[in-house]
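Here's the structure we're looking at; comments come further down.
Each residue takes its place number in the sequence, starting with 1.
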Amino acid sequence: MRKPNPMRALRATTPLALLLSTPALAQATAAPAASPAATEYPAAAAGDGATTNGYNLSRWAEDWRVLRDPAKRDDPIDRIKFISIADDGQVYLTLSGEARLRINMTSNPNLRETPHQRQDIRRLTAGADLHLGPHLRLYGEVAHGGIGGRELGAPAATLRNALTLQQYFAEATADVGGVALGARYGRQEFTDGPNLLVSQRDNNTIRYTLNGIRAWARTGRFRLDVFDLKPTAYGDLSVEDDISDPARRFSGVTLGMVVPTQWFGGSKLYVDPFLWRRRNSVGTWGGRIGPGRRFYGGVHVWGDAGPVTIDWTLNHQWGNFIEQRIDAWHGFFAQTYRLGKSPAAPRIGFHADYASGGGGYGGRTLRNAYAPFGNNVYYSYQLSLTPSNLIAVAPTVSFTPVKKLRVSAEYQLTWRDDARDAVYRANGQPFAGTQTVADRKIGNVARVQAVWSIASRLSFTGRYEHLAAGPSLTKAGYASSDFLAGWLAELPLLS
């Protein structure tokens with residue numbers, strides 16, 4: 001009889017795909033980071049995303065050193081997670097990969113009364129993580145995105161891309177007096193902040209990546225991260241047409257503090273203040289194109305306090321767009337309550353979000369809030385809404401009706417903050433004409449997601465959404481829409 005392997009049991013019970021809809025919940029259950037320091041800051045809050053059961057959406061954040069011991073390798077795939085190159089095990093290679101097959105169906109795409117759209121999408125990725133001793137590593141990842149179907153229009157390069165170097169970087173670390181120091185340079189995913197402000201946008205086929213440097217210093221309770229990055233401007237033909245976007249730049253500093261657990265009776269809470277700057281020489285508001293510089297000053301408070309999970313963000317934005325002064329606010333407040341002691345117990349909650357609006361079509365002050373590159377599926381699976389000139393309130397529920405099946409549902413009510421400004425899509429562009437409609441109600445969004453863990457390395461996700469357009473949209477000629485999607489996700493080829 002084979003000896004039970006606890007790693008395999010964990011993989012089978014909690015698939016990584018469950019993390020896609022609840023970022024705060026996911027981060028609170030993270031596993032060890034890739035390069036722990038002597039005095040280790042909790043990996044869940046280090047800004048590298050959530051690691052659960054060994055897997056992370058950012059594959060370089062995984063740590064498979066436990067498989068250095070052959071006795072802990074349960075199947076042939078485990079052997080390529082730790083390929084020892086030197087006898088002492090300090091030089092080793094980790095291989096990874098993923099395949100995702102997905103179908104999206106959308107009625108009235110772009111909220112216009114037109115034939116329905118079908119997108120048949122595939123994602124293939126492969127990565128290699130080479131550790132050259134305990135303080136230096138090299139990571140590379142290639143990706144392919146394909147799309148077919150009907151009524152596709154002109155697919156973006158994040159949906160159709162023959163081949164791209166999705167990530168490639170060098171990372172160096174050191175432990176100095178109990179402080180973990182590190183720097184990462186190259187093309188990389190960046191998730192160090194609230195999911196609604198910064199995200200690798202896994203909903204896309206090709207992830208959102210940036211180019212430049214990120215550096216950090218971490219102790220057991222505090223951290224400091226600084227970065228200076230330019231987004232990747234993807235072409236759709238080969239690795240040669242993907243460049244660092246010369247028009248945009250994102251830089252800043254993020255701090256972090258672990259809240260003492262005794263404050264709330266065994267809680268896992270984190271406080272992350274941040275100060276960022278985003279520059280864009282071809283910004284667009286109200287049909288005007290020009291230079292803009294936007295600063296973000298705020299704080300992210302998140303984690304668990306007993307049965308309660310919170311994810312709260314408040315930030316003020318200032319700067320200038322052409323001749324306009326920027327004065328905008330974001331407030332994101334999500335919370336759930338676990339109805340039982342089991343991690344799989346049902347959860348009820350709500351989120352209430354505010355994104356200021358106004359001035360997009362002229363005036364002395366631009367009050368439209370703007371997320372640098374956040375997770376827009378949080379508001380609409382069909383990418384019809386974004387946190388700019390938006391007020392959203394939604395009760396939520398998640399439960400496990402049968403083993404290995406997790407269902408989440410919500411009913412979201414949305415309004416405009418300023419009825420003199422437009423309703424904005426996920427790409428930041430306005431729904432043309434909505435700025436001339438006096439009504440504030442955008443509409444209601446009912447949606448449900450189900451994730452079925454078929455096996456340890458295979459899950460199926462289904463999503464449905466109905467966007468009932470309100471007068472802000474219908475009086476400008478837009479219609480209600482339905483969205484249905486299903487995909488085999490997190491099917492790693494090499495993990």
Side-chain angles (χ1 to χ4, degrees), residues 47 58 143 145 154 156-159 161 164-169 184-215 225-236 239-254 274-298 315-328 330 355 359-360 366 368-376 383 386-388 424-430:
S58 295
T158 53
L159 290 175
N161 201 308
T164 182
L165 289 175
Q166 187 165 254
Q167 297 188 79
Y168 54 89
F169 60 77
R184 182 181 304 133
Y185 180 79
R187 181 170 296 172
Q188 56 193 276
E189 295 173 354
F190 184 88
T191 57
D192 190 10
N195 185 261
L196 294 178
L197 294 182
V198 295
S199 168
Q200 67 269 74
R201 292 182 172 177
D202 185 64
N203 187 64
N204 293 340
T205 305
I206 304 300
R207 301 264 188 79
Y208 191 95
T209 61
L210 302 102
N211 305 266
I213 188 166
R214 177 185 173 193
D225 280 71
V226 296
F227 60 91
D228 186 20
L229 303 164
K230 291 184 176 181
T232 304
Y234 288 110
D236 59 5
V239 297
E240 298 177 355
D241 59 2
D242 303 325
I243 62 171
S244 296
D245 191 337
R248 297 171 175 85
R249 193 165 186 168
F250 184 52
S251 55
V253 57
T254 300
F274 56 89
L275 179 61
W276 301 339
R277 178 177 65 179
R278 184 181 186 274
R279 288 170 284 180
N280 186 356
S281 61
V282 290
T284 303
W285 287 103
R288 297 169 297 141
I289 300 176
R293 183 177 60 172
R294 187 179 292 250
F295 292 88
Y296 299 78
N315 79 88
H316 180 228
Q317 301 168 26
W318 68 96
N320 59 277
F321 170 67
I322 312 179
E323 78 289 349
Q324 284 183 288
R325 179 176 65 93
I326 295 174
D327 183 10
H330 270 145
L366 178 63
N368 273 306
Y370 184 81
F373 47 94
N375 177 23
N376 284 291
L383 303 176
T386 195
S388 184
Y424 290 90
R425 313 168 192 259
N427 62 5
Q429 297 301 307

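For the pair Asn320/Arg325, no side-chain contact is recorded, criterion being any heavy-atom separation below 4.5 Å from C-beta on. The side-chain heavy atoms of Phe321 and Tyr370, taken from C-beta on, include no pair separated by under 4.5 Å. Looking only at side-chain heavy atoms (C-beta outward), Asp327 and Trp318 stay at 4.5 Å or farther from each other. Side-chain contact between Thr232 and Thr164: absent, with no pair of heavy atoms (C-beta onward) separated by less than 4.5 Å. Using a 4.5 Å heavy-atom cutoff, the side chains of Arg201 and Asn376 are in contact. Taking 4.5 Å as the limit, every side-chain heavy atom of Pro291 sits out of range of all side-chain heavy atoms of Arg279. No side-chain heavy atom of His330 sits less than 4.5 Å from a side-chain heavy atom of Leu196. Taking 4.5 Å as the limit, every side-chain heavy atom of Phe274 sits out of range of all side-chain heavy atoms of Asp192.
For Asp228, the side chain to side chain donor-acceptor pair (under 3.5 Å) criterion is met by Arg249, not counting sequence neighbours. The salt bridge (Lys or Arg N to Asp or Glu O under 4.0 Å) test applied to Asp225 returns Arg214, Arg218, Arg223, not counting sequence neighbours. Partners of Arg288 according to the salt bridge (Lys or Arg N to Asp or Glu O under 4.0 Å) rule, which considers only residues two or more places apart in sequence or in another chain, are Glu323.
Between the side chains of Gln200 and Arg207, no donor N or O sits under 3.5 Å from an acceptor N or O.
Taking the six-membered ring where the residue is Trp, the centroids of Phe250 and Phe227 are separated by under 6.0 Å.
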Next on the checklist: What verdict does the side-chain contact (heavy atoms from CB on, under 4.5 Å) test give for Arg294 and Leu366, after you've listed the backbone C-alpha separation in whole Å, the side-chain angles of each residue and the deciding distance to 0.1 Å?
Outcome noted: CA-CA 11 Å; Arg294 187 179 292 250; Leu366 178 63; 3.7 Å; yes

Next on the checklist: If you apply the rule side chain to side chain donor-acceptor pair (under 3.5 Å), what do you find for Tyr208 with Thr158, and how did you get there?
Outcome noted: CA-CA 8 Å; Tyr208 191 95; Thr158 53; over 6 Å; no

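Smallest separation of non-hydrogen atoms from Ser388 and Ala369: OG-O, 2.8 Å. Between Ala247 and Val282 the shortest heavy-atom distance is CB-CG2, 3.8 Å. For the pair Gly287 and Thr284, the tightest heavy-atom approach, listed with the atom from each and the gap, is N-CG2, 4.5 Å. Scanning both residues, Asp242 and Gly235, for their nearest heavy atoms gives OD1-N, 2.8 Å. Considering every non-hydrogen atom in both Ile243 and Pro246, the closest pair reads CD1-CD, 4.4 Å.
One distance of note links CZ of Phe295 with CD1 of Ile326; it measures 9.5 Å at 0.5 Å rounding. How far OG of Ser281 is from CZ of Arg248: 7.5 Å, rounded to the nearest 0.5 Å. For the atom pair OG1 of Thr191 and CG of Asn375, the computed distance is 11.5 Å after rounding to the nearest 0.5 Å. The CG atom of Leu229 lies 12.5 Å from the CG atom of Asp245; values are rounded to the nearest 0.5 Å. Rounded to the nearest 0.5 angstrom, Gln429 CD and Tyr424 OH are separated by 9.0 Å. Rounded to the nearest 0.5 angstrom, Asn204 CG and Asn161 CG are separated by 11.5 Å.
Asn315 places no side-chain N or O within 3.5 Å of a backbone atom of Gly297 that could act as its donor or acceptor partner.
Under the 30°/60° scheme for interplanar angles, the aromatic rings of Tyr296 and Trp276 are found to be tilted.
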